[in-house]
Asks: 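One structure is given below, represented as structure tokens, and several questions about it will come after.
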Amino acid sequence: LAGTDRAVARSMMKAVGYSDEDLARPQIGVAHCWIGTMPCNWNHRELAQKVMEGVRAAGGTPIEVNTVAINDAITTGTEGMKTSLVSREVIADSVELVARGHMFDGIVTISGCDKTIPAMAMVLGRLDIPGLTLYGGSIRSGACTKPNKVFGDRKLTVQDAYEALGAFNAGKISEEEFKDVEDHACPGAGACGGQFTANTMATAYEMLGISPLGWNDVPAFEAKKLDVAIEAGKLVMELVKKGLTPRSVVTRRSFENAITGVMATGGSTNAVLHLLATAHDFGVPLELEAFDRISRKTPVLADMRPWGTYTAPEMYEAGGMPVVG
């Protein structure tokens, strides 16, 4: 924004609080998906503020960008579910438009639910400006507050709300027990706490190389998540100074690493859909056959919900993935 011909642009930005000093620094987009419809992205405003704190500390000027989100668990079984996959493209398109329109020097994208996670990764490949993506983290495990014949001792996830419906319809639990599970399966901010699509893609993108290892694993409710967000803001400034872009980091081998991570953790089959789309936006050839080939030589190392025993927060607390016995 230097030079007399950019005076109008500077004038507009000064109207919302930017100073000449701010406008002389690299401008970093901080794009997130806060929305009042779900827990998955509920912590994004707070995380964005911390990312921006890190950007400022490292000599940049952060610019907050907000977009939409659709929750699969809320829309499942309704006409609303038809909007879910479409939202992935809308989210990626909207962030791309703002970043291109305002010519950001770098970007940090924050995501939290099934479609926002691939969208916020895909846009990094499209823009190919210095950037990284940060997952908002898993929700805390819930717990029943009253005696429950089926779910009393479980660490609850949204999966148990589905299963409680079946148990109630089969006459295995009372209406009161059913309601107790419903009321306490999702106790706060964060995405579904098993290796469902959100945590699967968060794992995959760490292994792809666009999220630093260990950052996405930190649950939404951990104080360390705020520290990670600050570090994300500092890291993007390092990438800007080095001119290191996502496409210069991500290769075909990176995608094979990501697929391996999905297979090793027994992750969601939606990873096929999203990694193929991500590879397309990164300009990396990736075919469906690669998933089958890698799956045949990759052992499942994790014993995780929804098919196994442990929740994503338990994996984090254990310092890694609980292994199959």
Side-chain angles (χ1 to χ4, degrees), residues 38-43 46-47 71-73 110-114 116-117 134-164 166-167 177 180-207 211-229 258 260-271 298-325:
M38 66 179 87
C40 314
N41 304 314
W42 193 254
N43 62 339
E46 186 177 24
L47 291 178
N71 185 284
D72 283 19
I110 305 171
S111 59
C113 57
D114 290 7
T116 63
I117 299 174
L134 176 65
Y135 171 48
S138 296
I139 196 170
R140 188 186 301 274
S141 299
C144 292
T145 61
K146 304 169 185 176
N148 190 305
K149 293 187 291 291
V150 175
F151 300 92
D153 297 328
R154 290 194 195 180
K155 291 189 175 181
L156 302 177
T157 72
V158 70
Q159 174 187 353
D160 296 294
Y162 286 104
E163 293 187 6
E177 290 170 315
D180 194 35
V181 174
E182 175 188 324
D183 289 347
H184 299 99
C186 301
C192 303
Q195 200 69 342
F196 308 109
T197 301
N199 280 314
T200 294
M201 298 314 301
T203 299
Y205 290 134
E206 280 194 359
M207 296 190 175
S211 291
L213 282 173
W215 287 13
N216 287 351
D217 299 344
V218 182
F221 57 87
E222 289 280 349
K224 185 181 176 183
K225 198 74 189 187
L226 301 179
D227 298 332
V228 165
T260 302
V262 171
M263 301 305 172
T265 58
S268 168
T269 55
N270 284 331
T298 305
V300 178
L301 300 177
D303 179 12
M304 296 187 67
R305 304 276 191 94
W307 61 271
T309 306
Y310 299 100
T311 65
E314 286 178 292
M315 181 177 80
Y316 171 75
E317 290 161 9
M321 58 184 73
V323 296
V324 175

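Because only heavy atoms are used, hydrogens play no part in the values below, and waters and symmetry mates are left out as well, while side chains stay in. Sequential numbering from 1 along the given sequence is applied to the chain's residues.
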Asks: Can you measure from CE (M304) to OG1 (T200) and round to the nearest 0.5 angstrom?
Replies: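 So the CE of M304 and the OG1 of T200 are separated by 8.0 Å.
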Asks: In this structure, which one of S141, P219, S138 forms a side-chain contact (heavy atoms from CB on, under 4.5 Å) with T311?
Replies: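 The option that passes is S141.
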Asks: Measuring from atom CH2 of W42 to atom CG of L47, what distance do you get when rounded to the nearest 0.5 angstrom?
Replies: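 These two atoms lie 14.0 Å from each other.
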Asks: D303 and G308: which non-hydrogen atoms are nearest, and at how many Å?
Replies: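 Looking at all heavy atoms of both residues, the shortest contact is OD1-CA, 3.2 Å.
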Asks: Can you give me the closest heavy-atom contact between N43 and G136, atom names plus distance?
Replies: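 What the structure gives for the nearest pair is ND2-O, 3.1 Å.
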Asks: Can you confirm whether more than 12 heavy atoms, excluding those of E182, are under 6.0 Å from its CD atom?
Replies: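 Yes.
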Asks: Which residue, R140, K155, R154, forms the salt bridge (charged side-chain N to carboxylate O under 4.0 Å, His left out) with E314?
Replies: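 Answer to the salt bridge (charged side-chain N to carboxylate O under 4.0 Å, His left out) test with E314 among R140, K155, R154: K155.
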Asks: Report the distance from atom CE of M201 to atom CD of Q195, rounding to the nearest 0.5 Å.
Replies: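 Atom-to-atom, M201:CE and Q195:CD are 10.5 Å apart.
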Asks: Hey, could you give me the CG/OG1 distance between N199 and T265, rounded to the nearest 0.5 Å?
Replies: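 Interatomic distance, N199 CG to T265 OG1, rounded to 0.5 Å: 9.0 Å.
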Asks: Just so I know, are the side chains of T157 and C192 near enough to count as touching, which here means a heavy-atom distance under 4.5 Å?
Replies: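 A side-chain contact is absent here, since even the closest heavy-atom pair is not under 4.5 Å.
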Asks: For K146, does its backbone N or O pair with a side-chain atom of D180 as donor and acceptor, under 3.5 Å?
Replies: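 Yes, the answer is positive, given that a donor and an acceptor are paired below the 3.5 Å cut-off.
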Asks: Report the C-alpha distance between E177 and V150 in whole Å, list the side-chain angles of each, state the deciding distance to 0.1 Å, and finish with yes or no for side-chain contact (heavy atoms from CB on, under 4.5 Å).
Replies: CA-CA 9 Å; E177 290 170 315; V150 175; over 6 Å; no
Asks: Taking the side chain from K225 and the backbone from A220, do they hold a donor-acceptor pair closer than 3.5 Å?
Replies: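 Looks like no, no N/O pair under 3.5 Å.
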Asks: For side-chain contact (heavy atoms from CB on, under 4.5 Å), just list the numbers for Y316 and K224, CA-CA rounded to whole Å, side-chain angles, deciding distance to a tenth of an Å, and then say yes or no.
Replies: CA-CA 12 Å; Y316 171 75; K224 185 181 176 183; 3.5 Å; yes
Asks: With a 4.5 Å limit on heavy-atom distance, are the side chains of P313 and F221 in contact?
Replies: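 In contact.
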Asks: Are the side chains of D217 and E206 in contact, using a 4.5 Å heavy-atom criterion?
Replies: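 A side-chain contact under 4.5 Å exists here.
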Asks: Applying side-chain contact (heavy atoms from CB on, under 4.5 Å) to L134 and N216, what does each step give before you reach the verdict?
Replies: CA-CA 6 Å; L134 176 65; N216 287 351; 4.0 Å; yes
Asks: Checking side-chain contact (heavy atoms from CB on, under 4.5 Å) for the pair N270/F196: CA distance, chi angles, key distance, verdict?
Replies: CA-CA 9 Å; N270 284 331; F196 308 109; over 6 Å; no
Asks: Supply the atom-to-atom distance N71 CG to C113 SG, rounded to the nearest 0.5 angstrom.
Replies: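 The distance works out to 6.5 Å.
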Asks: In Å and rounded to the nearest 0.5 Å, what is the CE to OG1 distance from M263 to T298?
Replies: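 Reported to 0.5 Å precision, the distance equals 7.0 Å.
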Asks: Can you check whether A185's main-chain N or O pairs, donor with acceptor, with D160's side chain at less than 3.5 Å?
Replies: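 Between the backbone of A185 and the side chain of D160 there is no qualifying donor-acceptor contact (under 3.5 Å).
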Asks: Would you mind reporting whether T197 and D72 have side-chain heavy atoms less than 4.5 Å apart?
Replies: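 A side-chain contact under 4.5 Å is absent here.
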Asks: Taking C-beta and beyond as the side chain, do T260 and M207 meet within less than 4.5 Å on heavy atoms?
Replies: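 A side-chain contact under 4.5 Å is absent here.
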Asks: Where is the tightest heavy-atom contact between Y135 and A191, given as atom of each residue plus distance?
Replies: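 Looks like OH-CB, 3.2 Å.
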